[in-house]
Amino acid sequence: MDKRIERIVEWIEGYAENAGKETLVVGVSGGVDSALTSTLCCMTGLDVYAVTMPLDSRASDYKKATAHMDWLRDRFPERLCDVVVNLNKPFEEMRGSMKFMGVTQTNLHASANTKSRLRMTCLYHIAACMDGLVVGTGNKVEDFGVGFFTKWGDGGVDLSPIGDLFKSEVQDLALVLGIDEEIVLQAPTDGLWEDGRTDEDQRQMSYEDLEKCMRGEYVGEEKMARYEALRKANRHKMEPIPVCMMEDWDF
């Protein structure tokens, strides 16, 4: 088995033991990141709640998530609890209650981020009930390269097992573990947009080029400028919350 897989599984076990927890909670979207993360969680031997949360989801994404759940259940029947929580109704009720002071329901970016935060809330509710940990599914490019995640949404987690893996490494390890190639090789998407736009559509830059930029490889001035622009725009997500320090003032 790939040493990286052994390292991550042992690391999750060690973190859970130090935290005094025996349950892991992870969202499963139908993408490769959550497929790999949920599989690694199941390999620890800890109890795992794998949660699918339909929310204006494309039928193809839900189908892949369901297929991965079936695959996990066949491999880890003793430890896996697969859960489906439909969030369409609570999302629409919450958004519908905000018809005041000029707040609009038609801001697509706001809606996408709210969907991610609602899913985070669902995962933490389950984790609190089960005395467990919420496991993140972000990779190195998203979490530490260009901040391609929702602040306090999919960025709100207790631990990040694949946060030091490039997207290409995530795909490689997923194939090693036998995860469905249709999931591994599909065009990555966060599944938060009704038009089905991909990650590359949103960033206007491929994972391959982003990885090259992070490694210091030459990709041309235009792509490097785009990478730096993405990092600058999302830097607030990747840095600690600023605190107004009183000790610097002379009262």
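For the single chain, residues carry numbers from 1 onward in sequence order.
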> With side chains defined as the heavy atoms from C-beta onward, is the minimum distance between W71 and D180 less than 4.5 Å?
Replying inline: no
> Hey, what do you get for OG (S29) to OH (Y62), rounding to the nearest 0.5 Å?
Replying inline: 13.5 Å
>> Just so I know, are the side chains of P54 and V84 near enough to count as touching, which here means a heavy-atom distance under 4.5 Å?
In response: yes
> CD1/I183 to OG/S34 distance, rounded to the nearest 0.5 angstrom?
Replying inline: 7.5 Å
>> For a quick test of reading the model, state the closest non-hydrogen atom pair linking C42 to L72 and the distance between them.
In response: SG-CD2, 4.2 Å
> Nearest heavy-atom pair of V219 and C213: which atoms, and what distance?
Replying inline: CG2-SG, 3.5 Å
> Are V28 and L123 co-members of a hydrophobic cluster defined by side-chain heavy atoms under 4.5 Å apart?
Replying inline: no
> Could E208 and K212 be called an ion pair, given the rule that one side-chain N must be under 4.0 Å from one carboxylate O?
Replying inline: yes
>> Donor-acceptor check, side chain of S116 to backbone of D154, threshold 3.5 angstrom: yes or no?
In response: yes
> Out of curiosity, does Y124 fall in the hydrophobic cluster containing L24 (side-chain heavy atoms, cut-off under 4.5 Å, transitive links)?
Replying inline: no
>> Just checking E13: does its CD atom have more than 12 heavy atoms from other residues, nucleotides or ligands closer to it than 6.0 angstrom?
In response: yes
>> Apply side-chain contact (heavy atoms from CB on, under 4.5 Å) to residues T52 and D82 and explain how you reach the verdict.
In response: CA-CA 8 Å; T52 301; D82 56 300; over 6 Å; no
> Can you tell me how far CG of D47 sits from SG of C81, rounded to the nearest 0.5 angstrom?
Replying inline: 9.0 Å
With a cut-off of 3.5 Å and sequence neighbours excluded, list every side-chain donor-acceptor pair involving residues 143-151.
unit_1 : atom_1 : unit_2 : atom_2 : d
T150   : OG1    : N113   : OD1    : 2.9
K151   : NZ     : H236   : ND1    : 3.2

>> Just checking E217: does its CD atom have more than 12 heavy atoms from other residues, nucleotides or ligands closer to it than 6.0 angstrom?
In response: yes
>> I need the minimum non-hydrogen distance between M43 and F76, along with the two atoms involved.
In response: CG-CZ, 3.8 Å
>> Please determine whether side-chain contact (heavy atoms from CB on, under 4.5 Å) holds for the pair L230 and R203, giving the CA-CA distance in whole Å, both sets of side-chain angles, and the decisive distance to 0.1 Å.
In response: CA-CA 8 Å; L230 289 168; R203 295 188 309 253; 4.2 Å; yes
> V25 and L133: side-chain contact (heavy atoms from CB on, under 4.5 Å), yes or no, with the steps?
Replying inline: CA-CA 6 Å; V25 180; L133 298 166; over 6 Å; no
>> Are the side chains of M205 and K223 in contact, using a 4.5 Å heavy-atom criterion?
In response: yes
> In Å, rounded to the nearest 0.5 Å, how long is the span from CG of L108 to CZ of R197?
Replying inline: 6.5 Å
> Is V135 close to P161 at the side-chain level, that is, under 4.5 Å between some pair of heavy atoms?
Replying inline: yes
>> How close do Y15 and D158 get, counting heavy atoms only, and between which atoms?
In response: OH-O, 3.3 Å
> So do the side chains of R75 and T39 get within less than 4.5 Å of each other, counting heavy atoms only?
Replying inline: yes
>> Hydrogens and angles aside, do R95 and T114 bring a side-chain donor and acceptor to less than 3.5 Å of each other?
In response: no
> Is V157 reachable from V51 through a run of hydrophobic residues whose side-chain heavy atoms are each under 4.5 Å from the next?
Replying inline: yes
> Between Y207 and E142, does any side-chain donor sit less than 3.5 Å from a side-chain acceptor?
Replying inline: yes
> Mind checking whether L165 and K140 have side chains closer than 4.5 Å, heavy atoms only?
Replying inline: no
>> Under 6.0 Å from the ring centre and within 45 degrees of the ring axis: does the NZ or CZ of K115 meet both conditions for the six-membered ring of F91?
In response: yes
> Is the backbone of F166 close enough, under 3.5 Å, to the side chain of E169 for a donor and an acceptor to pair up by distance?
Replying inline: yes
>> Salt bridge or not between E211 and R215? Use side-chain N to carboxylate O under 4.0 Å.
In response: yes
>> For residues I8 and L36: do they belong to one hydrophobic cluster (side chain heavy atoms under 4.5 Å, members Ile, Leu, Val, Met, Phe, Trp, Tyr)?
In response: yes
> When rounded to the nearest 0.5 angstrom, what distance separates CZ in R7 from CG in D164?
Replying inline: 9.5 Å
> So does E228 have more than 12 non-hydrogen atoms from other groups sitting under 6.0 Å from CD?
Replying inline: yes
> Hey, is CD on E6 packed in by over 12 heavy atoms from elsewhere, all under 6.0 Å?
Replying inline: yes
> Between CG of D172 and CG of L177, what distance do you get to the nearest 0.5 Å?
Replying inline: 11.0 Å
> Under 4.5 Å between side-chain heavy atoms, hopping through other hydrophobics if needed: is there a path connecting L46 to V134?
Replying inline: no
> Between E222 and R226, is a side-chain contact (heavy atoms from CB on, under 4.5 Å) present by the stated rule, with each step listed?
Replying inline: CA-CA 6 Å; E222 184 177 348; R226 178 58 183 163; over 6 Å; no
>> On a heavy-atom basis, which atom in V83 and which in Y49 lie closest, and how many Å separate them?
In response: CG2-CD2, 4.0 Å
>> So E92 and N88, do their side chains get closer than 4.5 Å, heavy atoms only?
In response: no
> If you take all heavy atoms of P188 and K167, which pair is closest and at what distance?
Replying inline: CG-CE, 3.7 Å
>> Could you check whether D131 pairs with K21 (Lys NZ or Arg NE/NH1/NH2 to Asp/Glu carboxylate O, under 4.0 Å)?
In response: yes
> Any side-chain heavy-atom pair from I179 and V32 closer than 4.5 angstrom?
Replying inline: no
